[in-house]
2 protein chains.
Amino acid sequence: MVTSVTNSINLTYKQRQVPLHLDISEQLYQRIISGDYLPGAKLPSERELILEFQVSRITIRKAIANLVQQGLAITHQGKGVFVSDRRKVAYNLSDSLIFLAEDLTRQGIELSLQNITFELVTVSKEVQKTLQLKSNNPVAYLQKKLLLIDKVPGCVDITYILPNIGQKLATELEQEMTFPVLERNNFKIDRVEAIIECTNANLELSEYLDVPLGHPLLVYRHTAYTHQNLPLVYGESISRGDRFCYSVSQRRF
Amino acid sequence: MVTSVTNSINLTYKQRQVPLHLDISEQLYQRIISGDYLPGAKLPSERELILEFQVSRITIRKAIANLVQQGLAITHQGKGVFVSDRRKVAYNLSDSLIFLAEDLTRQGIELSLQNITFELVTVSKEVQKTLQLKSNNPVAYLQKKLLLIDKVPGCVDITYILPNIGQKLATELEQEMTFPVLERNNFKIDRVEAIIECTNANLELSEYLDVPLGHPLLVYRHTAYTHQNLPLVYGESISRGDRFCYSVSQRRF
DNA sequence: GTTACCAACTTATTATAACAAGTTGTTAAA
DNA sequence: TTTAACAACTTGTTATAATAAGTTGGTAAC
């Protein structure tokens, strides 16, 4: 099933059946996977790879692009191409999200928060339905915040909060995570329904998270309900897919 | 924060501050998001875009690559570039995975299974520890199967099964999903611990799933335990990130 | 010693050009 | 009528070339 990829630089595309750039990126892939090039190490420069493989610059650049797309390398203009670190931090969904920050601190991870926006907005039909807002006046507080993990942007959080709650807790919400603030102010959450999915960074997200356009992202889209089954908040946590993952536990299977 | 991207084709890179390809891909992005180009619709050909934007082919191709990386378009050699369908199918983790197939059928989705390999193998240190296998004889059944959703490859499942179970249930396991087979044969599962993460397709996965190299994938890496807290199976379900998502529910928050 | 500048590296952008290869409809031969 | 070949489209591969822009270390001026 897997196309055989071997060193066949001195054949034509026709004879090879595999593009040169793929042939080369697979060779570099093996060097990375085998540990020949370790995480953080610098790959040979374009100029050096051109000499090694005897191909044009455009081919080498396509080969490098293949590695970047597989999440194995990152490029830095003026510096070089580096093997990426493939370790990830886990968000634990088995416990309450109230203790997410403490959970990460316990793992030796420094979490800080940067408020981007906090304002009353007219929401989309989608959000209005989810938060069960009056359709003649569909407003809610929209908060966008940036989560810095060890001082590096790692997650953009977009949260819609019921108007009365948002107004009352504005000061606290702008400085802390949503769930601990709600808990402390006696807005008890009974249930969280969520979707976990993949996306790719558009221009806005790529700038907030300081990643290239199209970088893989992990989205946690959730709605939190009270014991009376009323929605309190709806939001999306959009994390760098190369740095984070979710841990879930299913009991009484 | 967001770099302003406007029509500025007739300026130099220096004056523009934004690459031409990004300027163009953002204009096409807006046409897609606004619904001007609907899912499934064909984008103008490279030739037409070259005429419209008055730039070289390499720039148009980079602009299209930007859209593809954002998951908004797919290319077909000989046919054209098409707006992708962004709807997703949800795997429900709130219920038992025993009923996953039935759950999907209820949503009108046809699920079929194609066995790739089923064999006794010596496992890695990682798997040996997870399945608590004897370190002097770390063997288990390794099954790779392809899940077809509406006849299209959507998920590669890699499962390691305890030797005694794998041998006894070989025939059934090769034709059905793992969890229903275990349940029916009285290997009761009490608990599943899992990690959900993002990856990008390497060459092997891209060929199984018929997606381009680096395509975003969603990984569900799980270990299933009995009531006696003994591991039964360990596996990874690797799905197309553009087609699938996970639904989770957290109670007694 | 400190600063400013510059040379030499790095990757990024963009153009032109030629050929390969997949798709589709038309046209000509059987 | 069916089939085969081809023309005209599509995207994919690869080379060469020039300029832009980020990084780093050395060198000369202060």
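Proteins get letters first, then strands, A, B, ... in listed order; numbering begins at 1 in each. What you see is a predicted model, and the numbers here were worked out from it, not measured in a lab. Just so it is clear, the values below take in all heavy atoms, side chains as well, and ignore hydrogens, waters and symmetry mates.
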* To do: Nearest whole angstrom, please: distance from the C1' of dT16(C) to the CD1 of I50(B).
  =>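 To the nearest whole Å, that distance equals 11 Å.
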
- prompt: To the nearest Å, how far apart are K42(B) NZ and dG22(C) C1'?
  reply: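 Taking NZ of K42(B) and C1' of dG22(C), I get 14 Å after rounding.
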
Nearest to the side chain of [X], which nucleotide is it out of [options]?
X: S45(A); options: dT10(D), dT14(D), dT10(C); value: dT10(C)
X: Q77(A); options: dT13(D), dA20(D), dT13(C); value: dA20(D)
X: I58(A); options: dA15(D), dT10(D), dT24(D); value: dA15(D)
X: K79(A); options: dA15(D), dG12(D), dT24(D); value: dT24(D)
X: H21(A); options: dT23(C), dT14(D), dT14(C); value: dT14(D)
X: E46(B); options: dT11(C), dA15(D), dG12(D); value: dG12(D)
X: L20(B); options: dG12(D), dA15(C), dA15(D); value: dA15(C)
X: R61(A); options: dT23(D), dT11(D), dT11(C); value: dT11(C)
X: S56(B); options: dT14(C), dT14(D), dT13(D); value: dT14(C)
X: K62(A); options: dA21(C), dT13(D), dT14(C); value: dT13(D)

Heavy-atom nearest pair, K88(B) first then C198(A), reads NZ-O, 2.7 Å

Distance alone, cut at 3.5 Å: any donor-acceptor contact between the side chains of K145(B) and T178(B)?
yes

Open item on the list: Between the base of dA8(D) and the side chain of R47(B), is one N or O donor paired with an acceptor at under 3.5 angstrom?
Closed with: no

Can you find a side chain N or O atom of T59(A) that sits less than 4.0 Å from OP1 or OP2 on dA15(D)?
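For dA15(D), OP1 or OP2 has a side-chain N or O of T59(A) closer than 4.0 Å.
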
Note to self: Let's see if you get this right: which residues in residues 66-74 of chain A place a heavy atom under 4.0 Å from DNA chain C?
What the structure shows: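 DNA chain C contact set from residues 66-74 of chain A: none.
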
Exercise. Answer with yes or no after comparing the ring centroid distance for F118(A) and Y141(A) against a 6.0 Å cut-off, counting only values under it.
Key: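 Between F118(A) and Y141(A), the centre distance is under 6.0 Å.
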
